[in-house]
Amino acid sequence: MEIQKMYIDGKWVESASGKTRTIIYPFNQKEIATVTEGDVVDVDKAVKAARKAFDSGVWSKLSGSERGRIVTKLGDLVEEHSEELARLESLDTAKTMEESRWDMADIAGIFRYFGGLADKDAGLIIDSPNPNTTSRLVREPIGVCSQISPWNYPLLQASWKLAPALAAGCTIVMKPSEDTPLTTIRITELALEAGVPAGVINTVLGAGNTVGNAMATHPEVDLVSFTGGIETGKKIMKAASDTVKKIAFELGGKNPNIIFADADLETAVDFALNGVFFHAGQICSAGSRILVEEAIHDKFVDALKERASKIVMGDAFEDSTQMGPLISAKHREKVEKYIEIAKNEGARLILGGKRPDDPKLQDGFFYMPTIFVDCKNDMRIVQEEVFGPVITIEKFKTEEEAVKNANSTIYGLSGGVWTADQSRAHRVSSALRMGTVWINDFNVYFVQAPWGGYKQSGIGRELGSIGLEEYTEVKHIYQNFDNKPINWFGK
Ligand code: NAD
């Protein structure tokens, strides 16, 4: 198999060590690619190339409209190649083709949105206390950005970082997850085709504790943007602190979905299923914690179980498949540990809780849609992110109890509230300490709306105009038109 290379300083290269990594299709563990495996020395070359490109002004000093034209063109190229990219994404992650096609349509829109924003910021004139002076604020690109993305939405997450960084005029060292590098390699080629100059994007491949760590510590990096697990986030925060880098983090969630008795039950059940079984629950915004008002609890649980038990698992490339496997053997073991923890804590399993028996699924990392009832707020299965197809259901009596429990985890990424009472919808959405709250909906995100977390779910925001600002510094420029001595000293 041909070795897929990294892109550093305008060249496709193999790693200095010559090591490689095999990439597999999680549905059947068949080898789909061999990629070069980078190390610390490769990161050093990539960062130096990004630094040189940034300081040269080849990208940062282009007009916003010229950068915007190229970033928008990259969106057009993603659309043109969307079927090919979707296939690569489904091979890498085993998510259904339908989901990957959705992702690609989103990604094209992300590049177009940030391409469109690239020439919109004209700075700001602010009031100056002194006569014959002006004071203005300008936004400048922050510099060299390390961008580390996860395996659940490989190209989508990379694009949430790449598009605003390019639009702002930054240069980039990006690393996909070692499990899912294929679409990140391909978009690097498309970015070159769109006209991004050599050195502006550097794509490195390899493990988190070597390549990722070097990207977080390298003294010539100005910002580290990371999406992934909370423990990794803490390590990166420490690594980046030696040189006081800016950081932008999205660290997942344990997202409550609160269903009141007056909600439209059929719709709430439908969205609860989407909220957690999409991509087998490997979504930072998965609505894995469902809180249901006592009066409708049993009806809700019956309806949810009935529909969840019909979910069809299978090959990403078969139209009948609704849910694929988990990403890896290691990740499935993590999910299985949580199932044991939940049982020991007293949660009652009413669906799943095991690998499927279907012989066709035995080579993949499949895990059955799983539902626990009788869950209590202090259980680990309720408090910690499982990142699998696992729902916990808690019963509540009052609005206050629902809000208190929903807010009780270390996370604060997103949450949902289902009710026909508009004042209650308003009260609860204000009381939830989360970056996004959906009312009578779940898991909706789009490029115009900022995305990110309160509490330990993250630092900063991606998407929206705020997502562009993350990649800038604000400079105050003060100019005196009345140039004469003030004679404070020595007279
Ligand atoms: P991870 O946090 O270990 O990996 C995410 C990215 O960080 C990968 O590119 C990885 O190579 C890199 N990385 C790992 N260690 C690093 C280090 N020390 N320094 C710099 N970069 C490093 O995530 P994972 O192992 O893929 O999954 C672990 C858990 O993270 C999951 O079970 C899930 O709970 C969570 N997760 C969350 C999201 C999200 O969208 N928030 C996405 C993926 C995983």
Side-chain angles (χ1 to χ4, degrees), residues 21 23 26 35 37-40 43 92-93 95 103 146-158 160-161 173-181 183-184 203-218 221 224-242 245 247-255 278-286 288 326-338 365 367 380-381 383-390 409-414 435-436 443 445 451-453 456-460 462-463:
R21 180 185 288 266
I23 306 299
V35 298
E37 173 79 2
D39 212 330
V40 177
V43 175
D92 241 355
T93 60
K95 70 168 73 174
D103 290 356
S146 282
Q147 305 190 326
I148 303 171
S149 41
W151 43 258
N152 58 340
Y153 282 82
L155 192 54
L156 190 75
Q157 294 297 325
W160 285 16
K161 301 179 190 311
V173 177
M174 64 174 172
K175 185 189 99 59
S177 162
E178 48 274 47
D179 291 327
T180 55
T183 46
T184 306
T203 302
V204 293
L205 305 175
N209 56 5
T210 52
V211 173
N213 181 58
M215 290 167 70
T217 44
H218 200 294
V221 168
V224 186
S225 174
F226 165 74
T227 301
I230 212 161
E231 291 309 318
T232 313
K234 288 183 199 169
K235 282 188 204 159
I236 293 179
M237 206 166 181
K238 284 189 189 130
S241 71
D242 265 354
K245 297 185 198 315
I247 50 174
F249 282 178
E250 206 271 70
L251 305 178
K254 188 75 185 180
N255 312 282
F278 228 64
H279 196 21
Q282 301 168 115
I283 308 187
C284 51
S285 58
S288 52
L326 297 168
I327 190 74
S328 62
K330 186 173 142 218
H331 187 53
R332 181 167 63 178
E333 278 162 28
K334 177 189 154 185
V335 171
E336 286 174 332
K337 268 193 204 129
Y338 270 109
F365 309 119
Y367 202 76
R380 282 185 66 191
I381 192 73
Q383 291 287 324
E384 297 174 23
E385 189 184 44
V386 177
F387 230 61
V390 181
T409 72
I410 58 167
Y411 292 102
L413 187 60
S414 64
T436 297
N443 250 345
Y445 61 92
W451 178 257
Q456 294 187 34
S457 279
I459 295 173
E462 295 190 293
L463 305 183

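Order of appearance sets the numbers: ligands from 1, and atoms from 1 within every ligand. Values below: every heavy atom of this structure, side chains too, minus hydrogens, waters and symmetry copies.
- Inspection of the N255 and S414 side chains reveals an N or O donor paired with an N or O acceptor under 3.5 Å.
- Considering backbone and side-chain N/O of K330, none are found under 3.5 Å from N/O of ligand 1.
- Contacts between H331 and ligand 1, counted as non-hydrogen atom pairs separated by less than 4.0 Å, involve the side chain only.
- Under a 4.0 Å criterion applied to the non-hydrogen atoms of N213, ligand 1 contributes the atoms 19 (N), 20 (C).
- Within ligand 1, counting atoms from 1 as listed, the ones closer than 4.0 Å to a heavy atom of G252 are 41 (N).
- For atom 43 (C) of ligand 1, the closest non-hydrogen atom of the protein is P150 CB, 3.3 Å.
- Relative to the six-membered ring of Y153, K95 meets both conditions, a distance below 6.0 Å and an angle of at most 45° to the axis.
- Taking the six-membered ring where the residue is Trp, F387 and H331 present perpendicular rings, their angle passing 60° and hence far from 30°.
- For L251, every heavy-atom contact with ligand 1 shorter than 4.0 Å involves the backbone, none the side chain.
- Heavy-atom proximity to I148, at under 4.0 Å, picks out these atoms of ligand 1: 6 (C), 7 (O), 9 (O), 12 (C), 20 (C), 21 (N).
- A salt bridge links K234 with E231: the distance from a Lys NZ or Arg NE/NH1/NH2 to an Asp or Glu carboxylate oxygen falls below 4.0 Å.
- At a distance under 4.0 Å, no protein heavy atom can be found next to atom 4 (O) of ligand 1.
- Below 4.0 Å from some heavy atom of E250 lie the following atoms of ligand 1, by number and element: 41 (N).
- Between I236 and ligand 1, no N or O atom pair is found at a separation short of 3.5 Å.
- Looking from atom 25 (O) of ligand 1 to the surrounding protein, the closest heavy atom is W151 NE1, 4.1 Å.
- Here the closest non-hydrogen pair linking T227 and K161 is OG1-NZ, 2.8 Å.
- Of all the heavy atoms in Q383 and T409, the pair that sits closest is OE1-CA, 3.3 Å.
- Ligand 1 has an N or O atom lying under 3.5 Å from an N or O atom of E178, backbone or side chain.
- Looking at Y153 against ligand 1, nothing comes within 4.0 Å, counting heavy atoms.
- Close approach to T232 involves these atoms of ligand 1, each under 4.0 Å from a residue heavy atom: 1 (P), 2 (O), 3 (O), 13 (N), 14 (C), 15 (N), 16 (C), 17 (C), 22 (C).
- Between I236 and I148 the shortest side-chain heavy-atom distance falls below 4.5 Å.
- With a heavy-atom cut-off of 4.0 Å, M215 does not touch ligand 1 at all.
- Put simply, atom 28 (C) of ligand 1 has no protein non-hydrogen atoms near it, under 4.0 Å away.
- Comparing heavy-atom distances from atom 32 (O) of ligand 1 across Q282, E385, K334 singles out K334 as nearest.
- Remark: among candidates S149, G212, G208, the nearest residue to atom 9 (O) of ligand 1 is S149, based on non-hydrogen atoms.
- Within the listing of ligand 1, atoms 39 (C), 40 (O), 41 (N) sit less than 4.0 angstrom from a heavy atom of C284.
- For the residue pair P154 and T184, the shortest heavy atom distance occurs at O-OG1, 4.4 Å.
- Distances from atom 44 (C) of ligand 1 to the heavy atoms of F387, F249, F226 put F387 nearest.
- Summary of contacts: the protein heavy atom closest to atom 23 (O) of ligand 1 is G229 N, 4.0 Å.
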